[in-house]
There are 2 protein chains.
Amino acid sequence: MEMQLTDHILRVVGLDETEKAILVSRFERRNVARRAALFGPKDSAGDLVFVEKGLLRLYSVDDEGKDKTFQFGVEGCWLADWSGFGETGAPGFSIQAIEDSRVVLIRRADYEPLLKAVPPLERYFRQVYQRAHKAAQRRARLRAASSAEETYRQFQRRYRGFVQRVPQYMLASFLGFSPEWLSKIRAKTS
Amino acid sequence: MEMQLTDHILRVVGLDETEKAILVSRFERRNVARRAALFGPKDSAGDLVFVEKGLLRLYSVDDEGKDKTFQFGVEGCWLADWSGFGETGAPGFSIQAIEDSRVVLIRRADYEPLLKAVPPLERYFRQVYQRAHKAAQRRARLRAASSAEETYRQFQRRYRGFVQRVPQYMLASFLGFSPEWLSKIRAKTS
């Protein structure tokens, strides 16, 4: 379901006309074709990416070519490289579209000034990051308390529609399993 | 180094006298002796815990008695069970002191009303959760890109003072290693 960033923000906080105008002036809307890179490991400077339509992922590829997905973003989600690795010269995360997508970028350099200029956004982003923290805690707990198979089934039950939109090897690396293991489990289920 | 919660907040945002008074009226200061539980799996309703002095951990024990640490909190850190598992009847996380500690509790029921009453706290907590997200991203990346041994060494370099305050088996479970593995590595280093 498509989700305009402005609507997403207005669900949480009220903005007056001046604040709305400032906000929109900092938006950069972009279409990203399926499989295209939005940011590679060299150019992700931590810009904030809001998904209005489609599906993207935040991932890295290590020296041995191993591809690991750390985060997925569907409509209404934020993705950003907060690691700061890029700034130290180490490769940052990459962001790539899994489906044809439309995103809104907020440049990292604009982010703190935007929050100063539009203070209600503090509440909005507080909730965004609080929810991310909550999701990470739930996922870590689930992984620790369950077998790999149970984790996958619970994840599938909770995010059924989403699981069908994602290639198997990406989901496997996100959940920390080998792709072979996931194929075996899926064969048993279907 | 001790850290008063009020000072920690005033580093980030300004508060007037009325706001300070409201804030302090929602604080509950508590001493927790070394090894004592602040919250067990049945009574952690997601209250927010700020560490003024000492060291605590957020952890769970599974059905087979396996103890897994998910988060440590030293002076200046927040710990809270955001998972919501407690509310669904499943056991929540537990929080326990590793050293004699002094904490400030904010009751979960008071948290959102407090943010409404003292709006600058939105900015403060936005930064708290943004930093938690950043740390989680860095840790996940480090784990994925490095061998277990390298992860441990990098963690040790970055948090040298902290590593010495924590029992070995807790650190091992936090980093996702077996205690035996960590003993072997430490023996090699010393």
With only heavy atoms counted, which part of A:Phe125 is less than 4.5 Å from chain B, the side chain, the backbone, both or neither? both
Looking at B:Arg34, I'd like to know if its CZ atom is crowded, meaning that more than 12 non-hydrogen atoms belonging to other residues, nucleotides or ligands lie closer than 6.0 Å. no
Treating Ile, Leu, Val, Met, Phe, Trp and Tyr as nodes and any side-chain heavy-atom pair under 4.5 angstrom as an edge, say whether A:Val118 and A:Leu115 lie in one connected cluster. yes
So which atom in A:Arg126 and which in B:Glu112 form the shortest heavy-atom distance, rounded to 0.1 Å? NH1-OE2, 2.9 Å
For B:Leu58 and A:Gln137, the nearest pair of non-hydrogen atoms, with its separation, is CD2-NE2, 3.7 Å
Please tell me whether B:Val104 and B:Val49 are part of a single hydrophobic cluster in this structure, the criterion being side-chain heavy atoms less than 4.5 Å apart. no
Just so I understand: if I count every heavy-atom pair under 4.5 Å between each of A:Gln130, A:Arg139, A:His133, A:Lys68 and chain B, which residue has the most? A:Gln130
Report whether A:Phe70 and A:Leu56 are members of the same hydrophobic cluster (ILVMFWY, side-chain heavy atoms less than 4.5 Å apart, transitive linking). yes
Please check if A:Tyr124 and A:Leu105 belong to a single hydrophobic cluster, counting links between Ile, Leu, Val, Met, Phe, Trp and Tyr side chain heavy atoms closer than 4.5 Å. no
Using heavy-atom distances under 4.5 Å, tell me whether B:Gln71 contacts chain A through its side chain, its backbone, both, or neither. side chain
Minimum heavy-atom distance B:Ser83-A:Lys134, with the two atoms named: O-CE, 4.4 Å
CZ of B:Arg131 to CH2 of A:Trp82: how many Å apart, nearest 0.5 Å? 11.0 Å
Could you walk me through whether B:Lys116 and A:Arg123 pass the side-chain contact (heavy atoms from CB on, under 4.5 Å) test, one step at a time? CA-CA 10 Å; B:Lys116 284 271 186 202; A:Arg123 181 174 175 79; 3.8 Å; yes
Ranking A:Ala135, A:Ala136, A:Ala140 by heavy-atom pairs under 4.5 Å to chain B gives rank one to A:Ala140
Checking B:Leu121 against chain A: side chain, backbone, both or neither under 4.5 Å from a heavy atom? neither
When hydrophobic residues are tied together by side-chain contacts of less than 4.5 Å, even through go-betweens, does B:Val32 share a cluster with B:Leu48? no
